[in-house]
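Quick notes on the structure that follows.
Start at 1 with the first residue, then count along the sequence.
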Amino acid sequence: MRLGVVSILLTLGASACSAGGETPAQAAGARGAPAVPVATAKVEQKSMPLALTVIGTAEASSNVAVHAQITGSLTSVNFMEGDDVTKGQVLFTLDRRPLEGALAQAQATLARDTAQSVQAKSTAARFQDLQSRGIATKEQADVSRTTAAALDATLESDRAAVENAKVQLQYATITAPLSGRTGALIVHEGNLVRANDATALVVINQVAPIYVSFGIPEGKLPELKRYMAQGTVRVEAAAPGETAPSSGRITFIDNAVDSTTGQIRIKASFQNLDHRLWPGQFANVVVTLSTEPNAIVVPTAAVQNGQQGNYVFVVKPDMTVDLRTVAVQRQVAEATVVQSGLKPDEIVVTDGQLRLVPGARVSIKSGPSANGSKGQP
């Protein structure tokens, strides 16, 4: 009979603990186990960008290899390699003396043929007069007119030769075809350069503005085009180590998807007046499609992954934790946008989750607590 009474009392005690929502083991742990030190953060509701983060490559907006158009000796180089040059600036000078001589010869030939043409026209006019009076024959008048016409054609050829000599003389001075940054100097002063040689004298890259080329998955293209039509797309690019990104705009979408990678190539243009981006350099590109105004945001460190999916530990006012299943929408840098499962101003655990179980007591070592007090820094 005594044993029966003891069994009934133990059964009643166990039922009372279960009615409180905890198992006997959890209740004993909550009362006797030491508090687990954790770091916490507050669930925020704020505007969050909807963005694509990719790796791109900076490209010069224009690239020119400077060649000599005539053969001659290089007499001067008027810049230092690596200099910024402006369009029309004199870069190289070739020996002008042979070209000046050719121009003078062409001009002299033109002057001689001009005098002969004047004489031929005068002779043709005299023979025309003599023919009209019956003194000269028709054949003599025709010959004189033909000679005058031939000299007119010769004059046209001479004028073309003079213009060509002037152009060749202009080629002796090589100017920058665009504004940009010069590369390494290939040919130095005193060398003989040849017309249209395969080796360029110098290469000029236009770095302001500059392009950044990158690829996005083909599945994101309809979304990108939709937001571009709305005018909400922003592009930012930063070279590795740069903290302040450069802002630009999309100027090119390729006309086909690369079948080998499943991506489509896109270019964005940046003013790059500060030269933060450099041709050939990798860049971190963020394409912001739009902004979600009232997103529920938690630190990414708070979100854990288990057999049932993503979850977080929520700190309750009595300094115990509750395991809460959440639906993650997307991750932006070190923040995660939660679609459901959390409310603004709730407190979640960001560090120390490995020692936690539902109902465990915690102490806040850093971050806010559920009752509004601050943890230790």
Could you pull out all residues at least two apart from [X] that satisfy side chain to side chain contact (heavy atoms under 4.5 Å, CB included)?
{"X": "Ala35", "answer": "Arg361, Ser363"}
{"X": "Val43", "answer": "Ile296, Val298, Leu342, Glu346, Val348"}
{"X": "Thr71", "answer": "Leu192, Arg194, Ala195"}
{"X": "Glu218", "answer": "Val257"}

Starting from [X], walk the hydrophobic network (Ile, Leu, Val, Met, Phe, Trp, Tyr; side-chain heavy atoms closer than 4.5 Å) and list everyone else you reach, by chain and number.
{"X": "Val357", "value": "none"}
{"X": "Val203", "value": "none"}
{"X": "Val337", "value": "Met48, Val297, Val332"}

State which residues pass side chain to side chain donor-acceptor pair (under 3.5 Å) with Glu156; sequence neighbours excluded, sorted by chain then number.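 Testing Glu156 for side chain to side chain donor-acceptor pair (under 3.5 Å), a comparison that skips the adjacent residues, returns Arg159.
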Could you check whether any side-chain N or O of Asp318 sits under 3.5 Å from a backbone N or O of Thr320, counting only pairs where one atom can act as donor and the other as acceptor?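 Judged by distance alone, yes, a pair lies under 3.5 Å.
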Sub-3.5 Å donor-acceptor pair from the side chain of Ser117 to the main-chain atoms of Leu151, do we have one?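 Side chain of Ser117 to backbone of Leu151, a donor-acceptor pair under 3.5 Å: no, none is there.
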In this structure, would Val64 and Phe79 fall into the same cluster of hydrophobic residues linked by side-chain contacts under 4.5 Å?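 The answer is yes; both residues are in one hydrophobic cluster.
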Partner set under ring-ring contact (aromatic ring centres under 6.0 Å, His included) for Tyr311, not counting sequence neighbours: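 For Tyr311, the residues satisfying ring-ring contact (aromatic ring centres under 6.0 Å, His included) (neighbours in sequence not counted) are Phe313.
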Just to verify, what does [X] make a salt bridge (Lys or Arg N to Asp or Glu O under 4.0 Å) with, not counting sequence neighbours?
{"X": "Lys343", "answer": "none"}
{"X": "Asp84", "answer": "Arg181"}
{"X": "Glu44", "answer": "Lys46"}

Charged N to carboxylate O below 4.0 Å: is that the case for Arg112 and Asp158?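 Answer for the salt bridge query: no.
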side-chain contact (heavy atoms from CB on, under 4.5 Å) between Ile250 and Leu224, intermediate numbers included: CA-CA 10 Å; Ile250 293 177; Leu224 173 64; 4.0 Å; yes
If you compare all heavy atoms of His67 against all heavy atoms of Asp197, which two are closest, and at what distance to 0.1 Å?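 In this case the closest contact between His67 and Asp197 is ND1-O, 2.7 Å.
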